[in-house]
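All ligand and atom numbering here is 1-based and tracks the order in the structure. Positions are given from 1, in the same order as the sequence printed here.
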Amino acid sequence: SAPARHSACCRRFTGAMILSRLFSARPRQAAPRLLSAGRADRARHQEPPRKKLLSEKKLKRHFVDQRRVLVRGGNGGSGASCFHSEPRKEFGGPDGGDGGDGGHVILRVDQQVKSLSAVLSQYQGFHGEDGGRKNCFGRGGAVLYIRVPVGTLVKEGGDVVADLSRPGEEYVAALGGAGGKGNRFFLANDNRAPVTCTPGQPGQERVLHLELKTVAHAGMVGFPNAGKSSLLRAISNARPAVAAYPFTTLNPHVGIVHYEGHQQVAVADIPGIIPGAHQNRGLGFAFLRHIERCRCLLFLVDLSLPEPWTQVEDLKYELEKYEAGLSQRPHVVVANKIDLPQARASLPLLQERLGQDVIALSAVTGENLEPLLLRLKVLHDADAEAELRQGRRPLRW
Ligand SMILES: Nc1nc2c(ncn2[C@@H]2O[C@H](COP(=O)(O)OP(=O)(O)OP(=O)(O)O)[C@@H](O)[C@H]2O)c(=O)[nH]1
Ligand SMILES: [Mg+2]
């Protein structure tokens with residue numbers, strides 16, 4: 001019919017056009033494309049991609065501070081048993097090569113890793129290859145590295161076997177098995193044609209418990225709702241969740257405070273502690289563990305509550321019960337929420353009762369943050385000097 005013929009004609013026509021375009025020798029004119037200008041334009045109208053903020057609940061899922069791991073070293077390859085064969089050479093002699101050694105499984109501290117969430121429950125090292133004929137030795141298994149965060153404690157059967165607190169530190173979790181010997185190895189004067197070869201040894205197998213203790217210069221301790229997370233937000237780029245209910249923070253957050261000359265001080269916001277935490281009340285002593293490694297402490301007090309000095313006493317008691325001497329670390333008492341009228345009134349009394357200097361500030365309005373930052377720097381410098389005097393490298397984030 002006419003319409004069908006018409007459409008077929010059109011199709012043929014367009015086909016011809018495409019062919020002529022494909023094979024035309026005429027150089028095509030390059031369209032002026034201002035790629036960079038386009039990008040700049042887009043950048044002007046779009047906000048830079050921001051890291052998606054995870055809710056505290058999701059963060060809890062990502063933050064893992066304990067792991068049980070089964071590690072197995074790679075098995076060694078078997079030795080080969082064979083004899084050299086060549087035309088007109090009747091007794092070529094043994095030429096079976098040795099098997100390669102199995103690869104070790106090694107824990108290595110990586111500063112980029114912040115929790116044990118990426119650590120799997122099982123690791124199998126790489127096996128060594130079997131030996132071959134013509135004296136070919138098997139290739140050894142490669143080393144398998146497990147990346148763990150700074151401050152990982154390795155336990156086996158309740159005993160601490162390694163304390164990985166420095167970046168780059170390594171611990172051999174499981175040794176690879178030795179490779180077997182080929183029959184060439186057993187060649188001796190009294191045995192010119194040995195057929196013996198040995199199998200490779202199995203790799204070592206261990207069950208390890210990994211435990212993370214957050215390593216930061218300063219640890220913030222306080223009761224729930226004291227404003228620890230608000231303060232960390234005010235002095236660093238960290239973004240822990242802030243809300244008016246207790247136990248908002250469910251895992252430690254580390255924020256970095258930047259000073260002149262690229263100096264950095266890491267401050268950890270530890271979940272709220274309540275009286276009886278050392279008996280596993282509230283969030284328990286799982287989080288007191290994270291305070292252990294901090295070089296100095298910031299006791300954060302909610303100044304708007306009645307008798308704020310009892311908070312400091314209770315906090316010190318809990319720390320002391322968890323580990324003797326923990327509350328004696330270099331510390332500062334920080335009185336938060338000075339913007340509230342009732343708080344300002346109880347400040348002199350708090351100072352009098354404690355008999356020590358208190359830094360009063362407001363994490364929400366940012367009032368009086370400088371004295372805290374200066375004190376933090378002084379504490380950090382004193383700790384770094386002490387470390388250097390003892391011949392150790394000061395902790396760097
Ligand atoms: N007025 C006033 N309110 C504050 C100040 N700092 C914190 N807050 C409020 O106190 C409440 C608790 O603050 P958070 O920072 O979540 O307290 P937290 O110590 O981290 O609490 P947990 O994570 O539950 O242990 C929030 O409603 C904050 O807005 C302050 O300086 N002034
Ligand atoms: Mg918090």
Does an N or O anywhere in [X] fall below 3.5 Å from an N or O of ligand 1?
X    : value
L340 : no
A226 : yes
P271 : no

Check whether [X] reaches the backbone of [Y] with its side chain - one donor and one acceptor, N or O, closer than 3.5 Å.
X    : Y    : result
D110 : R147 : no
H127 : N75  : yes
D98  : G79  : no
R329 : C294 : yes
Y259 : L373 : yes

Please compare [options] and report which has the shortest non-hydrogen distance to [atom].
atom                    : options                : result
atom 28 (C) of ligand 1 : L300, V242, I338       : V242
atom 6 (N) of ligand 1  : I273, N225, N336       : N336
atom 5 (C) of ligand 1  : V364, D269, L232, L303 : V364
atom 1 (N) of ligand 1  : L231, D302, I274, D339 : D339

Numbered atoms of ligand 1 (with element) below 4.0 Å of [X], judged on heavy atoms:
X    : result
F247 : 24 (O)
A244 : 27 (O)
S362 : 30 (C), 31 (O), 32 (N)
G272 : 25 (O)
Y245 : 24 (O)
P224 : 25 (O)

Minimum side-chain heavy-atom gap [X]-[Y] below 4.5 Å:
X    : Y    : result
F223 : P275 : yes
L340 : L303 : no
H104 : L144 : no
V119 : L210 : yes

task = Could you tell me if any non-hydrogen atom of P246 lies under 4.0 Å from any atom of ligand 1?
result = yes
note = From the list M220, K228, H290, R289, side chain to side chain contact (heavy atoms under 4.5 Å, CB included) partner of I270 resolves to H290
query = atom 17 (O) of ligand 1: which protein heavy atom is closest, and how many Å away?
reply = G227 N, 3.2 Å
request  = Confirm or rule out an N/O/S atom of S229, from backbone or side chain, lying less than 2.8 Å from the Mg ion (ligand 2).
outcome  = yes
Side chain, backbone, both or neither: the part of A243 lying under 4.0 Å from ligand 1 by heavy atom = backbone
